[in-house]
There are 2 protein chains.
Amino acid sequence: MANIHDVARVAGVSISTVSYALSGKRPIGEKTRLRIDEAVRELDYMPNAAGRMLAGTRTRIFALTAPLRSDTYAPAHMAFVLSVVTAARKYDYDVLLLTEDEATDGLRRVSSSRLVDGIIVLDVSMNDERADLVRSLGVPAALIGVPRNAEGLVCVDLDFEAAAGLAVDRLVDAGHTSLALLGHPAAVYERGSNFPMRFRDGFLRRAAEREVAASFTMVEKEAAQVRSALAELLDADQAPTGLVVHGEEGVHKTLLDAVAGRGLSIPGDLSIIAGVPTFDTSAFTPPLNVIPLIPADSCTRAVELAVQQLDGAVAPRVELVAPRYRDHGSVAAPRPGP
Amino acid sequence: MANIHDVARVAGVSISTVSYALSGKRPIGEKTRLRIDEAVRELDYMPNAAGRMLAGTRTRIFALTAPLRSDTYAPAHMAFVLSVVTAARKYDYDVLLLTEDEATDGLRRVSSSRLVDGIIVLDVSMNDERADLVRSLGVPAALIGVPRNAEGLVCVDLDFEAAAGLAVDRLVDAGHTSLALLGHPAAVYERGSNFPMRFRDGFLRRAAEREVAASFTMVEKEAAQVRSALAELLDADQAPTGLVVHGEEGVHKTLLDAVAGRGLSIPGDLSIIAGVPTFDTSAFTPPLNVIPLIPADSCTRAVELAVQQLDGAVAPRVELVAPRYRDHGSVAAPRPGP
DNA sequence: CTGAAAGCGCTTACAG
DNA sequence: CTGAAAGCGCTTACAG
């Protein structure tokens with residue numbers, strides 16, 4: 001395999017000229033450049049990665065730590081992982097994948113051996129030991145998700161409060177005055193992640209601001225529980241006409257079944273918006289309006305912030321990504337009351 | 001950050017002694033080793049990865065190319081990716097993740113820049129351009145899955161034929177004389193992957209060998225189609241009493257619903273075995289006996305074969321991983337005939 | 001059992 | 001606009 005000396009010899013220049021020509025870090029004469037380009041092509045030269053790493057200041061590798069917790073939804077997880085890789089490649093960075101069982105040891109290892117220039121931390125939970133580790137390592141890092149203690153860290157996450165607020169706005173704008181949020185199982189609110197809480201709080205706050213009735217119900221996954229939660233809501237006085245659902249894919253499907261089972265049509269009798277799912281709600285029957293959790297949005301920004309840290313200090317921050325709304329026809333004006 | 005010279009100075013030895021002490025490649029005197037160990041601890045020394053790569057013969061990094069095709073089942077895909085990383089770590093290897101959109105370019109890049117020592121190719125399809133590329137690159141590589149042209153390549157895969165044969169054996173051993181295989185949708189057999197075919201062939205061959213009646217039906221995903229396929233089988237003369245199911249998670253669930261809907265019990269009226277799923281059939285109602293596709297089995301072996309190629313040539317091969325059988329109580333003797 | 005030294009393949013001041 | 005040379009941090013013959 002050809003090295004930089006071979007290229008220099010064939011092109012009749014010094015290796016530093018080859019290096020500069022390839023990196024573009026200093027101007028190269030027209031004819032010189034052409035000869036180098038040709039030598040590179042002729043020899044099928046590609047710079048040796050280890051040589052670059054050692055001589056340069058960058059390894060051009062990021063570590064990605066992506067735990068697969070039991071409550072992680074695999075397709076979403078995968079989408080995040082791939083989005084990080086895709087975003088990193090735009091900056092000519094490769095991504096080293098670290099798994100859960102080596103979460104902190106792996107981070108320690110790749111950063112103290114200088115294998116990586118920085119770290120992307122995926123799926124950060126409230127009490128995430130990786131957050132504290134990253135802080136103490138002092139390595140460039142961007143977290144996707146917000147730990148309880150985000151001091152000194154660069155975090156990116158969807159603006160869950162705004163997302164819930166957006167759902168409320170769309171329903172209220174359509175004329176609804178009684179809303180309900182069907183949330184995750186109770187255990188989720190007691191445990192690690194904080195985004196279900198942020199979503200719930202955003203929902204209730206915005207509903208209050210818009211001066212509409214609003215309720216919040218935690219829904220267990222079992223079909224029977226979903227059905228009874230729905231029944232309880234719809235059979236009450238002042239039954240909500242607009243629902244926001246924040247839960248797993250299965251819960252959405254069961255819910256839609258249950259709604260149909262009660263002879264209700266969407267959006268004729270009931271308007272529904274899916275809150276920050278990572279799955280596709282446009283294939284549901286009927287398709288649901290949605291405020292999706294878009295992996296590429298957070299991941300692109302996280303990679304960007306990691307790259308920026310390499311060139312200079314980036315102020316610690318929690319950066320919230322704006323939610324988006326997609327209309328699939330599941331929201332309409334409520335039926336006129338009796 | 002401390003380097004090897006710092007350690008040598010603190011320990012009062014030469015850097016070569018430090019290097020050998022750390023690598024264990026030559027015997028070191030008792031006291032010398034202790035002083036080095038202490039210096040390492042005191043300085044919190046960790047060898048620089050780029051330095052090792054450049055001076056040594058290994059980068060200790062494998063590339064993993066893991067396309068996410070539309071028909072890929074994400075949770076399984078993720079399990080394979082994580083299994084590769086976990087297996088690689090056992091050999092002190094890290095894993096660089098390459099995505100679909102950079103599949104061949106990425107492989108070319110990381111191998112000609114010598115960033116990686118070898119390549120693990122995931123989810124190989126019949127006509128996989130990555131297979132041809134890997135062959136032409138001449139880089140150590142292990143493929144998981146078998147391309148149409150496997151010449152010169154090291155491939156690992158589940159023995160799908162044996163898996164289907166095992167399912168047949170278990171049913172026949174239990175006393176069944178009429179079996180049916182419910183397979184994937186027709187499109188799957190017309191397209192890329194070859195394992196559904198191998199599973200089907202193994203099923204039919206073993207059934208013939210065991211001299212029992214056997215049928216094969218391709219089943220579309222829609223619930224109605226699953227129900228009608230089942231009805232057609234069970235309403236026939238000589239209806240099968242033992243089913244093997246090779247399909248997606250949803251199809252299994254629909255099938256179990258349909259069986260229950262017909263008032264049939266498992267395994268009382270019908271014995272069922274799930275063929276090579278990547279999901280958990282023990283949580284179904286009822287739990288299903290299963291010949292699982294175990295990511296760790298294939299991935300561990302693939303990584304092992306990749307590592308072996310670094311030390312010496314490994315003969316090209318298609319190595320089939322033996323299937324395993326897990327009993328969850330969904331197979332019993334058939335009801336005595338009328 | 002240990003050391004001095006060459007060399008891996010680059011990048012980047014320094015110099016002209 | 002270009003080159004000679006130092007140096008990044010290791011590993012590994014070579015030598016004793």
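All chains are named by letter (A, B, ...) in the order of the sequence lines, taking the proteins before the strands, and each is independently numbered beginning at 1.
Residues satisfying the ring-ring contact (aromatic ring centres under 6.0 Å, His included) test with B:Phe160, not counting sequence neighbours, are B:Phe195. In terms of the side chain to side chain contact (heavy atoms under 4.5 Å, CB included) criterion, residue partners of A:Pro323 (sequence neighbours excluded) are, by chain and number, A:Leu158, A:Asp159, A:Ala162, A:Ala163, A:Leu166, A:Ile291. For A:Ile4, the side chain to side chain contact (heavy atoms under 4.5 Å, CB included) criterion is met by A:Ile15, A:Val18, A:Ser19, A:Tyr45, not counting sequence neighbours.
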Check: Can you give the dot-bracket line for DNA chain D, using ( ) for pairs inside the strand, [ ] for pairs that cross earlier ones, | for pairs with another strand and . for unpaired bases, where Watson-Crick and G-U count if both distances are under 3.5 Å?
Finding: |||.||||||||.|||
Note to self: Walk me through whether A:Asn48 and B:Arg114 qualify under side-chain hydrogen bond (donor to acceptor under 3.5 Å, both in side chains).
What the structure shows: CA-CA 6 Å; A:Asn48 177 289; B:Arg114 321 245 75 159; over 6 Å; no
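Residue B:Ile119 holds its CD1 atom at 10.5 Å from CZ of B:Arg130, rounded to the nearest 0.5 Å. Taking CG from B:Leu64 and CG from A:Leu97, the interatomic distance works out to 8.0 Å, rounded to the nearest 0.5 Å.
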Next item on the list: Give the B/S/- string for nucleotides 11-16 of chain C, one per nucleotide from 5' to 3', where a protein heavy atom under 4.0 Å of the base yields B, of only the sugar-phosphate yields S, and otherwise -.
Entry: BBBB--
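The NE2 atom of B:His5 sits 12 Å away from the P atom of C:dA5 (whole-angstrom rounding). A:Met1 places its CE atom 16 Å from the C1' atom of C:dC10, with the value rounded to the nearest Å.
Within residues 106-119 of chain B, no residue places a heavy atom under 4.0 Å from DNA chain D.
Distances shorter than 4.0 Å separate some side-chain N or O of B:Asn3 from OP1 or OP2 on D:dG9.
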